2 protein chains.
Amino acid sequence: MPKTLAKAPQKSRIQHQNQAVILKAALEVFSAYGYRGTTVDQIAVKAGLSKPNLLYYFKRKEDIYVAVLEHTLEEWLKPLRMLDVGGDPFIELTRYISEKLDMSFANPPASRIFANEILHGAPHIQKFLKGPLRELVEEKVKVIRHWIAAGKIKPIDPPHFIFAIWAVTQHYADFSTQVEAVLGSADGKAQVKLAVAEILLRGLKN
Amino acid sequence: MPKTLAKAPQKSRIQHQNQAVILKAALEVFSAYGYRGTTVDQIAVKAGLSKPNLLYYFKRKEDIYVAVLEHTLEEWLKPLRMLDVGGDPFIELTRYISEKLDMSFANPPASRIFANEILHGAPHIQKFLKGPLRELVEEKVKVIRHWIAAGKIKPIDPPHFIFAIWAVTQHYADFSTQVEAVLGSADGKAQVKLAVAEILLRGLKN
DNA sequence: GTCTATAATATGATAGAC
DNA sequence: GTCTATCATATTATAGAC
């Protein structure tokens, strides 16, 4: 078997695998310590690579960070996209809140790296916020307005209602340290879901 | 006038004034760049002092940070402390939400430095969270339970309701970049207050 | 109390052997 | 593709003159 044919795919596979390992490690470290609080060495150690080897895959520290952010944002929008104007508002919104809470509990680092980025002025994702995110919100604002116009839910300010859902659901990822400190021990997922859904949705019932 | 008597108070006044200037400058810089993203030099420049001179007042960078945090937290709790069990629940809660939003709009850096600290595991304020904050929440949980028992508001999970208020109100400070990017331009304070109060409180009405 | 100068260290990034 | 060694720089912190 000729070397050239055998090696090319193998290299790609290793590359692909290493990139995934790096992104996973980088997410955890960036999320815990912030952009400048993170050293390339920390990421390399967590990924099981040497620092120069890691920098072979991503030339600069910032490149790793941007790759992690983009990878995370892709997942982030999925639940909101699924909000269906044809469905029952309370079922749709309950599902959305439930999925966002699931994400917060399952992957706090993903929420935190995003929170950290915005907290510091979102220098790397301005375009994303003003483009795809804004368009998606505008689309779902229409969905909520439609439900209001159809008399299915009480009138509410749609964009601020979306902000409220984001704020409350992500609170359980970003501020879990505080939640646990104040509660003593964290409540179960099911209890949190019930409480949050009631707080955010009961006021919409006719 | 003897030197010793004249100088001592003068030094204290300068010290006190410089400390205030340093804390104000440090709040802005730490809030914008995070703990490790901030250099002592940045704070010194913003405070109008030389770096060694600043380090004369606070021996280490971490000391400045802790001082800023403690100073900020003091202000932070005041509105919640004022929640009065004897008052009308809707007036009390509307006032609390309104004051928290005022704080978020007036002083985003104060909210952000706190958010950043918790986001990264709250290494410097663990005791505060598990002590004074927890006690205050427990006290106000009782207030809410009292209102529920008296039939003044519908049943709600009190601690998670407090978390929701924190999450939503602080969202307008911590995530203002995102809010403005999504809305195009930020809505007026009055509109935000109305929307938030409705979202959080309407579900409590009997 | 405040400054200049500098020590001590940490870290991003690269060169070059294998 | 991966490693060791190292450069270049940035940054915390201090020493010591004034």
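Reminder, nothing fancy here: chain letters follow the sequence lines and each chain counts from 1. Not measured: the values here are computed from a predicted model.
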message = Taking 4.0 Å as the cut-off, does a side-chain nitrogen or oxygen of Tyr56(B) come that near to OP1 or OP2 on dT2(C)?
response =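 Answer is no, no contact under 4.0 Å.
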message = With a 4.0 Å cutoff (strictly under), does any side-chain N or O of Tyr57(A) reach OP1 or OP2 of dT2(D)?
response =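 Indeed, a polar side-chain atom of Tyr57(A) lies that close.
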[N] [atom2] sits how many Å from [X] [atom1], rounded?
X        : N       : atom1 : atom2 : value
Asp63(A) : dG12(C) : CG    : P     : 13 Å
Gln42(A) : dT11(C) : CD    : C1'   : 11 Å
Ile43(A) : dA10(C) : CD1   : P     : 18 Å
Leu54(B) : dC3(C)  : CG    : P     : 11 Å
Leu55(A) : dG12(C) : CG    : P     : 9 Å
Lys61(A) : dT11(C) : NZ    : P     : 9 Å

ask   = DNA chain D: Asn18(A) or Arg60(B), which has the more 5' nearest nucleotide?
value =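 Counting from the 5' end, the first nearest nucleotide belongs to Asn18(A).
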inquiry  = Under 4.0 Å, heavy atom to any atom of DNA chain D: which of residues 21-28 of chain A qualify?
reply    = none
Members of residues 33-41 of chain B that approach DNA chain D, where some heavy atom sits under 4.0 Å away = Thr38(B), Thr39(B), Val40(B)
key: Test of ring centre spacing under 6.0 Å for Tyr57(B) and His16(B)   = no
query = Would you say Leu93(B) and Phe161(B) make side-chain contact, with heavy atoms under 4.5 Å?
reply =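 Yes, their side chains come closer than 4.5 Å.
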Heavy-atom side-chain contact between Val182(B) and Lys130(A) under 4.5 Å =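 No, every pair of side-chain atoms sits at 4.5 Å or beyond.
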message = If you apply the rule side-chain contact (heavy atoms from CB on, under 4.5 Å), what do you find for Leu194(A) with Glu198(A), and how did you get there?
response = CA-CA 6 Å; Leu194(A) 261 175; Glu198(A) 196 155 70; over 6 Å; no
Write out a two-atom table: protein N or O, nucleotide N or O from nucleotides 4-9 of chain D, distance below 3.5 Å.
none

Exercise: do [X] and [Y] side chains pair donor with acceptor under 3.5 Å:
X         : Y         : result
His124(B) : Glu62(B)  : yes
Glu117(A) : Tyr35(A)  : no
Ser176(B) : Arg112(B) : yes

ask   = Should Lys142(B) and Glu138(B) count as an ion pair when the cut-off is N to O under 4.0 Å?
value = no
query = Is Asp102(B) salt-bridged to Lys193(B), cutoff N-O under 4.0 Å?
reply =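 Here Asp102(B) pairs with Lys193(B) in a salt bridge, since their nearest N and O are under 4.0 Å apart.
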ask   = Any idea which of dT14(D), dA13(D), dA13(C) is nearest the Lys59(B) side chain?
value =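 From the listed options, dT14(D) comes nearest.
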inquiry  = With a 6.0 Å cut-off (strictly less than), is the heavy-atom count around CZ of Phe90(A), excluding the residue itself, greater than 12?
reply    = yes
ask   = If you measure from CD1 on Ile165(B) to CG on Leu80(B), what distance do you get to the nearest 0.5 Å?
value =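 One finds 8.5 Å between CD1 of Ile165(B) and CG of Leu80(B).
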